[in-house]
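So that the names make sense, note that chain A is the first sequence line, chain B the second, and so on, each numbered from 1.
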Amino acid sequence: MTFSERILVWYDKNKRTLPWRGTRDPYKIWLSEIMLQQTRVVQGTPYYLKFIGNYPKVHDLANASEEEVLKLWQGLGYYSRARNLHATAKMVVGEYGGDFPDTYKELLKLKGVGDYTASAISSICFDRPEPVVDGNVYRVLARYFGVDLAINSTEGVKYFKKLAREVMNAKNIRDYNQGIMEFGAIQCSPKKPNCDECPLNKSCVALQTNKVGELPVKLKKTKVRDRYFNYVVFMSEDTKMMLEQRKGKGIWQNLWQFPLIESEESLIKESFTRQLNSFDYQPEIVSVDKFNTDAIIHKLSHQHLYTTFWIVHTKGSQQDGGVSFEDVEKYPVPVLIADFLERFKKTYFQ
DNA sequence: AAAACGGGGCA
DNA sequence: TGCCCAGTTTT
């Protein structure tokens with residue numbers, strides 16, 4: 001049996017039941033693929049079900065507001081995926097009459113659809129002989145063929161794509177592509193792969209040369225940046241809070257948060273109070289207090305956010321931008337803000 | 001070519 | 001703590 005035949009046999013016996021597994025509906029495959037980019041199946045699945053429930057057809061997604069889409073996406077991370085998802089839904093409805101393109105080349109033009117996703121959709125939905133190369137495939141190929149090129153180097157990316165094309169099963173690309181990814185996720189996992197019961201163990205180069213733990217090779221990631229966030233939770237006498245939308249570049253684009261003072265280090269109350277002058281909004285201040293004594297460390301893949309929430313009670317009622325506590329929960333916010341709101345609610349409204 | 005972009009799970 | 005996840009886009 002060839003490599004791809006063994007993958008197909010293994011897949012037939014070991015595949016998980018997943019909500020999108022049986023379908024060829026490009027909308028559903030596309031949605032699942034976008035959600036699973038850099039995201040584990042267990043984390044993405046509830047969101048997939050939620051989206052299909054709210055938007056059964058691509059038209060439903062296209063007709064929604066970005067705000068609503070972001071709210072449903074809240075907590076899944078990499079929010080550009082949600083913005084691109086929405087834009088692509090509108091594009092598919094507006095420019096393609098509601099039907100997704102059926103070739104790799106055309107799919108690649110859609111926002112948020114790169115090499116992997118274009119390959120996945122074209123092969124899974126339309127049987128196009130395009131090999132997928134995701135993190136699982138890199139791992140399986142690197143180990144089985146003993147390739148020590150860095151998977152995130154330009155040369156490595158090119159090499160693995162070519163190798164993937166050479167060893168794929170073009171006759172049943174739909175199952176083969178899903179099979180090799182499933183194989184990487186279940187059998188040839190990053191840590192503690194099950195080599196003892198692996199159908200490929202006799203011919204696996206990494207196993208034979210005792211290099212399973214060293215492959216695949218990946219170039220070092222960039223180091224993490226520390227940032228200091230001071231969120232200003234203005235609370236007026238009518239218990240309304242000031243909320244604003246993140247614009248421009250950077251993290252959490254188009255999501256909502258409290259007015260933010262970023263500093264070079266943790267602030268004491270005096271310096272914080274002084275910096276309140278920088279806002280356009282200048283209410284009469286009644287009190288200033290830290291909500292959390294120690295900074296909350298919110299970790300992103302590339303940033304550590306040392307965060308303090310300052311509760312600033314103000315005189316009178318909120319001007320424009322005031323949001324009641326019930327309404328705050330309707331806005332799409334980062335997990336950092338959502339967690340705070342949860343704790344704040346318990347502290348002040350119980 | 002490298003950096004930016006989230007959040008969670010696991011040893 | 002560091003690594004990885006059905007990657008893509010921007011710099």
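Nucleic acid contact for Leu76(A): base, since at least one base atom lies under 4.0 Å from a heavy atom of the residue. Contact annotation for Ser301(A): base contact, defined as any heavy-atom pair under 4.0 Å involving a base atom. Base engagement by Glu182(A) is indicated by at least one non-hydrogen atom pair under 4.0 Å involving a base atom. Contacts of Gly44(A) with the nucleic acid, taken as non-hydrogen atoms under 4.0 Å apart, are absent. Across all strands, Thr117(A) comes closer than 4.0 Å only to sugar-phosphate atoms, never to a base (heavy-atom distances). Within the nucleic acid shown, Leu305(A) has no heavy atom closer than 4.0 Å to any nucleic acid atom. Here Asn177(A) lies out of heavy-atom contact (under 4.0 Å) with every strand. Val137(A) comes within contact range of no nucleotide atom at all, as no heavy-atom separation falls under 4.0 Å. Residue Lys249(A) is classed as a sugar-phosphate contact, given heavy-atom separations below 4.0 Å to backbone atoms only.
Using cut-offs of 30° and 60° for the angle between ring planes, the Phe344(A) and Tyr348(A) rings count as tilted.
As a whole-Å value, the separation of Lys223(A) NZ from dT1(C) P is 19 Å. Regarding Asp134(A), its CG atom lies at a distance of 9 Å from the C1' atom of dC5(C), rounded to whole Å. Taking atom OH of Tyr11(A) as the reference point, atom P of dA6(C) lies 14 Å away to the nearest angstrom. Across the protein-nucleic acid pair, Asp115(A) atom CG and dG7(C) atom C1' stand 10 Å apart, rounded to whole Å. Between the NE2 atom of His304(A) and the P atom of dT1(C) there is a distance of 9 Å, rounded to whole Å. Atom P of nucleotide dC3(C) and atom CD of Gln43(A) are separated by 19 Å, given to the nearest angstrom. Rounded to whole Å, atom P of dA6(C) lies 9 Å from atom CD1 of Ile186(A). When the P atom of dT9(C) is taken as reference, atom CG of Leu85(A) falls 12 Å away, rounded to whole Å.
A donor-acceptor contact under 3.5 Å is formed by the side chain of Tyr78(A) with the base of dG6(B). Contact of Arg40(A) with dC4(C) (side chain to base): a donor-acceptor pair of N or O atoms is detected under 3.5 Å. Put simply, the side chain of Thr39(A) and the base of dG6(B) share a donor and an acceptor less than 3.5 Å apart.
Of the two residues contacting DNA chain C, namely Ser32(A) and Lys111(A), the nearest-nucleotide position lying further toward the 5' end is that of Ser32(A). Mapping Leu219(A) and Arg225(A) onto DNA chain B via the closest heavy atom, the residue that lands nearer the 5' end is Leu219(A). Nearest-nucleotide positions on DNA chain C place Lys191(A) closer to the 5' end than the other of Gly184(A) and Lys191(A). Heavy-atom distances to DNA chain B give each of Glu155(A) and Gln38(A) a nearest nucleotide, and the one nearer the 5′ end belongs to Glu155(A).
OP1 and OP2 of dC4(C) both lie 4.0 Å or more from every side-chain N or O belonging to Tyr138(A). At dG6(B), none of the side-chain N or O atoms of His298(A) fall inside 4.0 Å of OP1 or OP2 (strictly under the cut-off). The phosphate of dA4(B) has neither OP1 nor OP2 within less than 4.0 Å of any side-chain N or O from His302(A).
With salt bridges taken as basic N to acidic carboxylate O contacts below 4.0 Å, none links Asp148(A) and Lys211(A). Between Lys109(A) and Glu106(A), at least one side-chain nitrogen of the basic residue sits less than 4.0 Å from a carboxylate oxygen of the acidic one, meeting the salt-bridge criterion. Comment: Glu270(A) does not engage Arg274(A) in a salt bridge, judged by the lack of any side-chain N to carboxylate O separation of less than 4.0 angstrom. Contact check on Lys346(A) versus Glu342(A) returns a salt bridge, with a Lys/Arg side-chain nitrogen under 4.0 Å from an Asp/Glu carboxylate oxygen.
dG9(B) and dT8(C) have their P atoms separated by 24 Å, given to the nearest Å. dA6(C) and dA11(B) have their P atoms separated by 15 Å, with the value rounded to a whole Å. Atom name C1', nucleotides dC4(C) and dC5(B): the rounded distance is 16 Å, in whole Å.
Contacts between residues 19-31 of chain A and DNA chain B, counted as heavy-atom distances below 4.0 Å, involve no residue at all.
Between Tyr48(A) and the options Trp20(A), Tyr27(A), Trp30(A), Tyr55(A), a ring pair (Phe, Tyr, Trp, His ring centres under 6.0 Å) holds for only Trp20(A). Shown are Phe51(A), Tyr47(A), Tyr78(A); of these, the ring pair (Phe, Tyr, Trp, His ring centres under 6.0 Å) with Trp73(A) is made only by Phe51(A). Between Phe258(A) and the choices Phe340(A), Tyr331(A), Phe234(A), Trp310(A), the ring pair (Phe, Tyr, Trp, His ring centres under 6.0 Å) rule is met once, by Phe340(A).
What you find for Ala82(A) and Leu70(A) is that their closest heavy atoms are CB-CD2, 3.8 Å.
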